[in-house]
Amino acid sequence: MNILDYLPILAEAAATSALVCLLSLAVAVILSFAAGITLFAGSPWLRPVAVAYVEIFRGTSLLVQLFWLYYALPLVGFSMPPMLTGILALGLNTGAYGAEVVRGALQAVPGQQHEAARALNFSHAHTLWRIVLPQAVPEMMPSFSSLAVQNLKDTSLVSMITIADLTFKAQELRNLTQDSVSVYGASLLIYLTMALMVIAALRLVERRIGQTTGRHA
């Protein structure tokens with residue numbers, strides 16, 4: 001068999017990888033903005049929580065985080081299905097990196113914008129949501145695109161907790177056929193195709209945001 005023969009077999013498993021990627025990215029975006037905004041302008045008692053979250057999940061291995069949630073957490077009385085565990089682990093990890101992207105973009109907005117908002121008697125919340133964030137979001141998009149692609153590649157790790165994703169199915173096929181070159185070659189093509197689709201989608205979003213804010217990519 002050649003690479004093309006394996007593509008239909010692996011396509012169904014690739015749908016699982018895509019689902020894990022999309023759902024974990026949704027979790028990551030929420031956590032990125034929640035933690036990033038907290039780091040930038042959060043209350044003194046919330047900021048240490050955001051710092052702890054970011055440092056723990058950026059400073060430890062994603063694989064160890066995945067194993068801890070799947071194998072260790074049930075030992076203290078809390079267990080989750082494999083799919084939910086994989087989505088949560090990827091979302092928490094990517095969200096920690098995304099939080100630094102959000103914080104950096106918010107800090108990059110010129111100080112004159114804040115001064116102008118204070119001169120107009122805007123509240124801190126109004127300044128953040130109506131002045132700072134609209135300028136910061138376009139700056140975040142290139143970094144978020146890179147994180148999204150990395151997240152897609154990291155979905156291969158969920159095969160380690162019995163989720164039948166693309167990597168899991170490829171390993172099964174390889175064990176069955178002993179055809180490493182064609183099986184893994186087909187897997188590479190599928191991962192590349194999905195990555196290019198993610199990049200294209202995010203570039204479209206980036207252009208739309210640029211048109212909305214008057215900043216064209």
Distance check, rounded to the nearest 0.5 Å: [X] atom [atom1] versus [Y] atom [atom2]?
X: Ser79; Y: Leu84; atom1: OG; atom2: CG; result: 10.0 Å
X: Thr193; Y: Leu7; atom1: OG1; atom2: CG; result: 8.5 Å
X: Leu202; Y: Arg207; atom1: CG; atom2: CZ; result: 11.0 Å
X: Met80; Y: Ile87; atom1: CE; atom2: CD1; result: 10.5 Å
X: Glu206; Y: Phe144; atom1: CD; atom2: CZ; result: 12.0 Å
X: Gln171; Y: Ser187; atom1: CD; atom2: OG; result: 9.5 Å

Identify whether [X] and [Y] are in the same connected component of the hydrophobic contact network (ILVMFWY, side-chain heavy atoms under 4.5 Å).
X: Ile161; Y: Leu166; value: no
X: Leu188; Y: Leu152; value: no
X: Phe78; Y: Leu69; value: yes
X: Leu88; Y: Val76; value: yes
X: Leu62; Y: Leu147; value: no

Does the side chain of [X] reach to within under 4.5 Å of the side chain of [Y], using non-hydrogen atoms?
X: Leu63; Y: Phe67; result: yes
X: Met141; Y: Ile209; result: yes
X: Leu173; Y: Tyr6; result: yes
X: Met140; Y: Leu133; result: yes
X: Ser17; Y: Met194; result: yes

Intermediate values then yes/no, side-chain contact (heavy atoms from CB on, under 4.5 Å), Thr85 and Trp68: CA-CA 10 Å; Thr85 302; Trp68 192 89; over 6 Å; no
Modelled atom types, side-chain donor and acceptor of Thr38 and Arg47, under 3.5 Å: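 Judged by distance alone, the side chains do not pair up.
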Distance-only side-chain donor-acceptor flag, Thr60 / Gln65, under 3.5 Å: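 The answer is yes; a qualifying pair exists.
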Nearest heavy-atom pair of [X] and [Y]: which atoms, and what distance?
X: Ala14; Y: Ile190; answer: CB-CG2, 3.6 Å
X: Leu66; Y: Gly86; answer: CD1-CA, 3.9 Å
X: Ala96; Y: Phe57; answer: CB-CB, 3.7 Å
X: Tyr53; Y: Gly91; answer: OH-O, 4.2 Å

Which donor-acceptor pairs under 3.5 Å do side chains of residues 99-106 form with protein atoms, sequence neighbours excluded?
residue: Glu100; atom: OE1; partner: Arg103; partner atom: NE; Å: 3.1
residue: Glu100; atom: OE1; partner: Arg103; partner atom: NH2; Å: 2.5
residue: Arg103; atom: NH1; partner: Gln107; partner atom: OE1; Å: 2.8

Side chains of residues 18-35: which donor-acceptor pairs under 3.5 Å do they make with residues two or more places apart or in other chains?
residue: Ser24; atom: OG; partner: Val20; partner atom: O; Å: 2.7
residue: Ser24; atom: OG; partner: Cys21; partner atom: O; Å: 3.0
residue: Ser24; atom: OG; partner: Asn151; partner atom: OD1; Å: 3.1
residue: Ser24; atom: OG; partner: Asn151; partner atom: ND2; Å: 3.4
residue: Ser32; atom: OG; partner: Ala28; partner atom: O; Å: 2.7
residue: Ser32; atom: OG; partner: Gly95; partner atom: O; Å: 3.4

Met160, CE atom: more than 12 neighbouring heavy atoms under 6.0 Å: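 For Met160, atom CE is not crowded (no more than 12 foreign heavy atoms under 6.0 Å).
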Heavy-atom neighbours of Arg58 CZ exceed 12 at 6.0 Å: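 Yes, enclosed.
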Selection residues 155-169 - residue pairs positive for side chain to side chain donor-acceptor pair (under 3.5 Å), sequence neighbours left out: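 As it turns out, the side chain to side chain donor-acceptor pair (under 3.5 Å) pairs with a partner in residues 155-169, which skip direct neighbours, are Thr167-Tyr191.
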Glu12 (side chain) donor-acceptor with Ile9 (main chain) under 3.5 angstrom: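 Absent.
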